[in-house]
Q: 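Handing you a structure now.
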Amino acid sequence: MTTGSPDRTVLSGKEPAAAIRQDTRATAERLTRQGTPPGLAVVVATADESSAWYVRSIARAAEKAGIVCEVADLGPDATPDRIRERLLGLSADPAVHGIILQTPLPEGANAADLAGAIAFEKDVDGAGPVSLGRLAAGLPAFAPATAEAVLAVLDHHRIDLSGRSVAVVGRSTVVGKPVAHLLLDRDATVTVCHSRTKDLASVTSTADIVVAAVGRPRLLTGEYVREGAVVVDVGTNPTEDGGLVGDVDAETVGPKAAALTPVPGGIGPVTTALLLRHTVQAADRAAEGSRNRPPE
Ligand code: NAP
């Protein structure tokens with residue numbers, strides 16, 4: 001935990017990400033020694049530049065962690081059938097332990113629907129309906145890495161959740177909904193807001209903790225949070241000069257908040273680290289499964 005000013009804590013993601021990466025690398029090395037090098041496949045069907053940047057950064061991080069990363073680029077004209085077929089093929093490939101379906105997808109392709117073609121045990125970004133359903137039912141599943149990253153950062157900085165009121169702004173299946181489930185599991189009192197929420201500021205400004213996952217640059221300004229609130233900014237909005245800004249206006253929220261995640265350097269690095277951790281966990285389970293299988 002670093003203190004940016006006497007009255008504000010910067011909830012950096014760098015330290016928790018480094019700890020997760022170290023642990024992941026050690027597990028990947030052990031698995032490779034034991035004959036199961038962990039494998040991650042990223043399926044891409046877009047020419048979107050920020051998506052390409054993200055995929056390159058995952059591939060680099062995977063390599064550093066000792067994970068074999070395959071990028072299956074199907075091109076921006078790939079049909080939903082072609083994407084599904086590739087996901088089914090990777091799901092059946094024993095060398096692949098984790099599969100990510102990168103968004104955006106071509107028009108007509110539905111990410112949540114196609115993610116259903118990823119084998120549940122390889123769904124390391126919790127994108128499929130089985131993963132989300134199991135998460136909601138309190139059963140073991142990989143949570144979407146970004147949603148889990150919110151909890152990991154709060155835990156790292158010892159922010160108590162039990163009994164506290166949390167306003168989650170955003171209800172997507174990759175961030176808003178799963179983060180609400182994870183917070184509920186930790187005994188927080190959760191309100192989920194979205195674009196039809198009436199008077200958003202009246203909800204967020206009474207919450208102990210605000211989680212912003214909106215995709216609108218600097219939408220949440222000072223009047224959206226109360227003095228002393230903890231604010232988590234999941235937003236990563238590209239700027240014209242090649243930088244990133246969050247969904248929170250740090251300039252006006254910073255002086256009021258007791259703690260705020262930076263963008264970049266907050267939720268982002270932990271998300272990537274967790275994706276890789278999930279991949280080695282999936283590989284570990286696969287290796288354990290094949291050890292326990294009776295000889296044919
Ligand atoms: P999304 O699918 O576009 O969902 C955005 C949500 O925000 C929707 O539920 C939408 O409501 C709500 N919303 C939009 N405008 C609003 C407004 N004016 N007031 C209240 N709610 C509003 O986005 P997402 O995939 O969840 O991503 C959210 C943000 O997180 C983006 O900035 C994205 O880049 C970032 N992100 C970061 C990471 C990371 O690793 N750090 C990973 C994933 C996403 P409706 O449902 O009513 O439309």
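Residue numbers start at 1 and run along the sequence shown. Every number for a ligand or one of its atoms is a count from 1 in the order of the listing.
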Q: Please report the interatomic distance CD1(I58) to CG(L276), rounded to the nearest 0.5 Å.
A: 7.5 Å
Q: Between E15 and R21 (salt bridge meaning N to carboxylate O under 4.0 Å), is one present in this structure?
A: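 Salt bridge absent between E15 and R21.
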Q: Any side-chain heavy atom of R30 sitting closer than 4.5 Å to one from D284?
A: yes
Q: Which protein heavy atom lies closest to atom 31 (C) of ligand 1, and at what distance to 0.1 Å?
A: G215 CA, 3.5 Å
Q: Starting from atom 43 (C) of ligand 1, locate the nearest protein heavy atom and write down its residue, its atom name and how far away it is, to 0.1 Å.
A: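 Looking only at protein heavy atoms, the one closest to atom 43 (C) of ligand 1 is T146 OG1, 3.7 Å.
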Q: Select one of side chain, backbone, both or neither to describe which atoms of T197 lie under 4.0 Å from any atom of ligand 1, heavy atoms only.
A: neither
Q: Relative to the heavy atoms of N237, which atoms of ligand 1 are at a distance of less than 4.0 Å?
A: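 Matching atoms, with element in brackets: 32 (O).
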Q: Strictly under 4.0 Å, does any heavy atom of G176 approach an atom of ligand 1?
A: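 No, G176 has no heavy atom closer than 4.0 Å to ligand 1.
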Q: One pair to check against side chain to side chain donor-acceptor pair (under 3.5 Å): E223 and T221. What are the steps and the verdict?
A: CA-CA 6 Å; E223 65 266 32; T221 47; 3.0 Å; yes
Q: Going through the checks in order, is the side chain to side chain contact (heavy atoms under 4.5 Å, CB included) test met by I159 and I209?
A: CA-CA 10 Å; I159 307 285; I209 300 171; 4.1 Å; yes
Q: Hey, are E29 and R33 close enough for a salt bridge, meaning a charged N less than 4.0 Å from a carboxylate O?
A: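 Salt bridge: no.
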Q: Among all protein heavy atoms, pick out the one at the shortest distance from atom 37 (C) of ligand 1; state its residue, atom name and that distance to 0.1 Å.
A: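 The protein heavy atom lying closest is V234 O, 3.2 Å.
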Q: Quick check: does S172 get an N/O under 3.5 Å from an N/O on ligand 1?
A: yes
Q: Among all protein non-hydrogen atoms, which one is nearest to atom 8 (C) of ligand 1, and what is the separation to 0.1 Å?
A: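 Of every protein heavy atom, R171 N, 3.9 Å lies nearest to atom 8 (C) of ligand 1.
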Q: With a 4.0 Å heavy-atom cut-off (strictly under), which part of V174 contacts ligand 1: side chain, backbone, both or neither?
A: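 Near ligand 1, V174 shows its side chain, while the N, CA, C and O stay back.
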Q: Is there a heavy atom in G268 that sits closer than 4.0 Å to ligand 1?
A: yes
Q: Quick test: of every protein heavy atom, which one is nearest to atom 27 (O) of ligand 1, and how far off is it to 0.1 Å?
A: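 Going atom by atom, the protein heavy atom closest to atom 27 (O) of ligand 1 ends up being V175 CG2, 4.2 Å.
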Q: Would you call V214 a ligand 1 contact, heavy-atom distance under 4.0 Å?
A: yes
Q: Would you be so kind as to tabulate the donor-acceptor pairs closer than 3.5 Å made by side chains of residues 131-140, with sequence neighbours excluded?
A:
{"unit_1": "S131", "atom_1": "OG", "unit_2": "D123", "atom_2": "OD2", "d": "2.6"}
{"unit_1": "R134", "atom_1": "NE", "unit_2": "P140", "atom_2": "O", "d": "2.8"}
{"unit_1": "R134", "atom_1": "NH2", "unit_2": "P140", "atom_2": "O", "d": "3.2"}

Q: Counting non-hydrogen protein atoms only, what is the nearest one to atom 21 (N) of ligand 1? Give residue, atom name and distance.
A: H194 C, 3.1 Å
Q: Could you work out, for atom 28 (C) of ligand 1, the closest of S195, A213, P178 by heavy-atom distance?
A: A213
Q: When you look at H97 and E121, which way does the side chain to side chain contact (heavy atoms under 4.5 Å, CB included) test go after all the steps?
A: CA-CA 8 Å; H97 306 100; E121 65 277 10; over 6 Å; no
Q: Please report the interatomic distance CG(D48) to OG1(T103), rounded to the nearest 0.5 Å.
A: 8.5 Å
Q: Is D247 salt-bridged to R218, cutoff N-O under 4.0 Å?
A: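 Here D247 does not pair with R218 in a salt bridge, since their nearest N and O are not under 4.0 Å apart.
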Q: Would you check whether T236 has a nitrogen or oxygen atom less than 3.5 angstrom from a nitrogen or oxygen atom of ligand 1?
A: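 Yes, at least one N or O pair falls under 3.5 Å.
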Q: Could you find the nearest protein heavy atom to atom 40 (O) of ligand 1 and give me its residue, atom name and distance?
A: T271 OG1, 3.3 Å
Q: What atoms in ligand 1 come closer than 4.0 Å to a heavy atom of G170?
A: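 Within the 4.0 Å cut-off of G170, ligand 1 contributes 6 (C), 7 (O), 9 (O).
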Q: If you group Ile, Leu, Val, Met, Phe, Trp and Tyr by side-chain heavy-atom gaps below 4.5 Å, do F142 and V43 land in one group?
A: no
